[in-house]
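Have a look at the structure below, then the notes.
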Amino acid sequence: MGEQVRVSHQEGGRGLGLEQEALIRRNLWLDPRDGETRFDDFAEEWLAAVAPRLELNTVAKYRSFLDSQLLPQWKAWPLVAIFNGYVEIERWLSELHEDYAESSDFALFSTILNAAVRARRIPANPCNGVRVSKGEYDAERLVATPAQTLRAACACTSLVSACRGSCCA
């Protein structure tokens, strides 16, 4: 029985090794050590890299969001822990939502995590698909996109053409 278990472990180890080699060959392998990078270290590295291309007020806004909301919550978290921390992200958003307009903070958080994905520190952004607000909106502030306006105009034109002389007289 002991040999069968050992053989299974050996075969499992070989299988895992083959999977890892295949990921390396396809340039999809992520070094687990890179995921241990702390959020604050990566966020500062990212901001330093993008700041020269940004307006000064944008850099100041990002710095403010980092200092007031993101770093107090996520500073010491390894990126991989954030990647695996979907429930914690939802909890944080709920706490922010109680007394703060959180969408800008969350957008920056998501942007930084997208950069972590591109930098191959984490496999995916855990913010994808997270709903930021209750979905409430002010009907008076809705503005149609150009495509929506064109579709509405085409629909109106079709209606006018279809009922010309019968229902629109």
Side-chain angles (χ1 to χ4, degrees), residues 2 4-138 141 143 145 147:
Q4 288 178 332
V5 171
R6 189 172 37 226
V7 169
S8 295
H9 285 300
Q10 287 176 347
E11 289 174 2
R14 281 190 200 114
L16 180 61
L18 292 173
E19 286 176 27
Q20 296 296 305
E21 287 176 10
L23 289 171
I24 291 168
R25 281 193 298 275
R26 294 189 320 238
N27 199 28
L28 298 175
W29 182 78
L30 301 179
D31 187 336
R33 295 170 294 193
D34 291 341
E36 294 300 321
T37 303
R38 287 174 31 146
F39 177 80
D40 62 336
D41 293 335
F42 185 80
E44 297 296 347
E45 179 184 346
W46 171 82
L47 186 59
V50 300
R53 299 190 314 268
L54 302 174
E55 295 292 329
L56 289 177
N57 60 346
T58 302
V59 175
K61 179 176 63 172
Y62 285 177
R63 177 85 264 152
S64 173
F65 291 162
L66 279 167
D67 293 342
S68 66
Q69 298 296 331
L70 300 180
L71 294 179
Q73 172 64 32
W74 304 106
K75 179 180 183 170
W77 283 62
L79 292 171
V80 72
I82 296 172
F83 168 72
N84 290 313
Y86 169 78
V87 172
E88 192 62 33
I89 292 170
E90 290 284 5
R91 186 176 299 119
W92 172 66
L93 268 175
S94 295
E95 290 169 6
L96 281 180
H97 187 73
E98 291 175 3
D99 59 0
Y100 194 77
E102 78 284 348
S103 61
S104 296
D105 292 309
F106 185 76
L108 179 59
F109 185 57
S110 183
T111 297
I112 293 169
L113 292 176
N114 275 331
V117 172
R118 288 191 299 276
R120 304 183 54 78
R121 306 286 174 93
I122 54 176
N125 185 344
C127 296
N128 289 344
V130 174
R131 187 173 179 186
V132 177
S133 70
K134 293 179 182 176
E136 297 173 1
Y137 59 89
D138 183 358
R141 298 195 68 200
V143 178
T145 66

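Residues: numbered from 1 along the sequence shown. Just so you know, these numbers come straight off a predicted model, no measurement behind them.
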Report the residues that fulfil side-chain hydrogen bond (donor to acceptor under 3.5 Å, both in side chains) with Glu45, sequence neighbours left out, ordered by chain and then residue number. none
Exercise: identify the closest heavy-atom pair between Ala115 and Trp46: CB-CD1, 3.4 Å
Which donor-acceptor pairs under 3.5 Å do the side chains of residues 73-90 make with protein atoms, sequence neighbours left out?
residue: Trp77; atom: NE1; partner: Gln73; partner atom: O; Å: 3.4
residue: Asn84; atom: ND2; partner: Val80; partner atom: O; Å: 3.1
residue: Tyr86; atom: OH; partner: Glu90; partner atom: OE2; Å: 2.6
residue: Glu88; atom: OE1; partner: Arg91; partner atom: NH1; Å: 2.5

With side chain to side chain contact (heavy atoms under 4.5 Å, CB included) as the test, would you mind laying out the steps for Phe106 and Trp92 before giving the verdict? CA-CA 10 Å; Phe106 185 76; Trp92 172 66; 4.1 Å; yes
Could you work out, with salt bridge (charged side-chain N to carboxylate O under 4.0 Å, His left out) as the rule, every residue matching Asp40, not counting sequence neighbours? Arg38
For residues 51-59, please give each side-chain donor-acceptor pair under 3.5 Å, one per line with the distance, not counting sequence neighbours.
none

Which heavy atom of Leu71 sits nearest a heavy atom of Glu44, and at what distance? CD1-OE2, 3.8 Å
side-chain hydrogen bond (donor to acceptor under 3.5 Å, both in side chains) pairs touching residues 106-117, sequence neighbours excluded, are Ser110-Asn125, Asn114-Asn125
Ignoring hydrogens, what is the shortest heavy-atom contact between Ala43 and Leu66? Give both atom names and the distance. CB-CD2, 3.9 Å
If I take atom CG from residue Leu70 and atom CZ from residue Phe39, how far apart are they, to the nearest 0.5 angstrom? 5.0 Å
